[in-house]
Amino acid sequence: MTQAEQQIVNRVSFVGIAGNIILAAFKFFAGIFGHSGAMVSDAVHSLSDVFATFVAWLGVRMSAKAADKEHPYGHERLECVAALILGTVLAFTGVLIGYEGLRKVLAGNYADLAIPRAIALWAAVISIIAKEAMYWYTRYYAKILNSSAFMADAWHHRSDAFSSIGSLVGVGGAMLGFPVLDPLASAVIAVCILKVSYDILKDAISKMLDTSCGEEYERNVRDFMAAVPGVVRVNSVHTRQFGNKIYIDAEIAVDGNLSLTRAHDIASVVHDRVEKQFENVKHIMIHVEPA
């Protein structure tokens, strides 16, 4: 990882952690003094974001470590581990919030539910704006870094924005005389959180299992290799995801009358051009067959 990339990682992490601490404290205050269970649930979600951003930062830092004797292929999969932790934290948070919301809805004692105050409504509006801004900020730099952990963290921010929208509806509805909408909003928030959790976990597990990059990607690689001078045909191309990097195993055929040195030179050209052309390819292994 370059110094510039390290500065980006530190800056994005600081913005995420500091922003979530401030938002969580404000939403806890607004939820308690504004008599809104939905806003308290929203605050818990923001607090989980603090842990999520720290895990993302740690995952990116550890995945950038150079290969060593025990890990000759590098440490990129540690980003997937970080994303798995983030997804699990989100799922746990969603279950807790959903349980509490449904418990109040099913209890049926709506007349006993406190009517939220205006501060809870304002907290929801501020949270929506702040979390959506944090989503786009983190997403922008996650793409620059090609970081699955920071992309998961970005979606964590957006799920918090969604939950704040639910809080806004619940608090507003309760203030208009429908108190059941406040705990119902908590249940809706939980569904949004669990959906984001599922997407994050699915992507992380896929990258942990050496999943291929898909037929279209492999076809593009095959066509690119076949166009290199000296390549008679491309017999096979197999790809696998290794964290945020890609490994390729390919078999090409060259003129069988060529010397070993010339055949090797052609394979080297294919190797260098593929790694230069296709983003995130960490290594391509090429087997040469006589045509």
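Quick caveat: nothing in here was measured; it's all calculated off a predicted structure. This chain uses plain numbering: 1 for the first residue, then up along the sequence.
A continuous path of ILVMFWY side-chain contacts below 4.5 Å connects Val270 to Val221, so both sit in one hydrophobic cluster. Both Leu258 and Val228 belong to a single network of hydrophobic side chains, linked directly or stepwise wherever heavy atoms of I, L, V, M, F, W or Y lie under 4.5 Å apart. A single hydrophobic cluster is not seen to contain both Val125 and Leu23; linkage of ILVMFWY side chains at heavy-atom distances under 4.5 Å, directly or through other members, places them apart. Both Ile248 and Phe224 belong to a single network of hydrophobic side chains, linked directly or stepwise wherever heavy atoms of I, L, V, M, F, W or Y lie under 4.5 Å apart. Connection of Ile119 to Ile32 is established within a shared hydrophobic cluster, with ILVMFWY side chains joined at heavy-atom distances below 4.5 Å, either directly or through further cluster members.
Listed by chain and residue number, nothing satisfies the ring pair (Phe, Tyr, Trp, His ring centres under 6.0 Å) test with Phe28 (two or more places apart in sequence, or in another chain).
Among residue pairs with one or both ends in residues 199-223, those qualifying as ring-ring contact (aromatic ring centres under 6.0 Å, His included) are Tyr217-Phe278; sequence neighbours excluded.
Ser127 places no side-chain N or O within 3.5 Å of a backbone atom of Ala123 that could act as its donor or acceptor partner. Distance alone, capped at 3.5 Å, is enough to place a donor-acceptor pair between the Arg222 side chain and the Val234 backbone. With hydrogens and angles disregarded, a donor-acceptor distance shorter than 3.5 Å links the side chain of Glu218 to the backbone of Thr239. Judged by distance alone, the side chain of Ser212 and the main-chain N or O of Arg240 form no donor-acceptor pair under 3.5 Å.
Ile22 CD1 to Ile17 CD1: the interatomic distance, rounded to the nearest 0.5 Å, is 12.0 Å. Distance OG/Ser236 to CG/Asp249: 8.5 Å, rounded to 0.5 Å. Here the CG-CD1 distance, from Leu168 to Ile128, works out to 5.0 Å after rounding to the nearest 0.5 Å. Atom OH in Tyr247 sits 10.0 Å away from atom CE in Met285 (nearest 0.5 Å). Here His271 contributes atom NE2 and Ile252 contributes atom CD1; the two are 11.5 Å apart, rounded to the nearest 0.5 Å. Distance CG/Asn20 to NZ/Lys27: 8.0 Å, rounded to 0.5 Å.
What you find for Ala120 and Val171 is that their closest heavy atoms are CB-CG1, 4.0 Å. Across all their heavy atoms, Ala154 and Tyr135 have their closest contact at O-CD1, 3.1 Å. Between Cys213 and Gln241, the closest heavy-atom pair is SG-CG, 4.0 Å. Contact record, Ala142 with Met151: CB-N, 3.6 Å, taken as the closest heavy-atom pair. When every heavy atom of Arg273 is checked against every heavy atom of Pro229, the shortest pair comes out as NH1-CD, 3.8 Å. Of all non-hydrogen atoms in Gly230 and Val254, the two that sit nearest each other are O-CG1, 3.5 Å.
A salt bridge links Asp199 to Lys195: at least one charged side-chain nitrogen sits closer than 4.0 Å to a carboxylate oxygen.
At a threshold of 4.5 Å between non-hydrogen side-chain atoms, the residues Ile286 and Val274 do not count as touching. Residues Phe92 and Ser197 fail the side-chain proximity criterion, which asks for heavy atoms closer than 4.5 Å. Contact of the Met225 side chain with the Ile284 side chain is registered, since non-hydrogen atoms from C-beta on lie closer than 4.5 Å. Trp136 is listed as a side-chain neighbour of Arg158, based on a closest heavy-atom distance under 4.5 Å.
For Ser164 and Lys131, the side-chain atoms include no donor-acceptor pair closer than 3.5 Å.
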_Chi angles and distances behind the side-chain contact (heavy atoms from CB on, under 4.5 Å) call for Val12, Asp153_ = CA-CA 10 Å; Val12 173; Asp153 194 34; 5.5 Å; no

*Checking side-chain contact (heavy atoms from CB on, under 4.5 Å) for the pair Val269/Asp265: CA distance, chi angles, key distance, verdict?*
CA-CA 6 Å; Val269 171; Asp265 289 342; 5.6 Å; no

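In this structure, His287 places its NE2 atom where more than 12 heavy-atom neighbours from other residues, nucleotides or ligands lie under 6.0 Å away.
Taking the six-membered ring for Trp and thresholds of 30 and 60 degrees, Tyr141 and Tyr137 have ring planes more than 60 degrees apart, a perpendicular arrangement.
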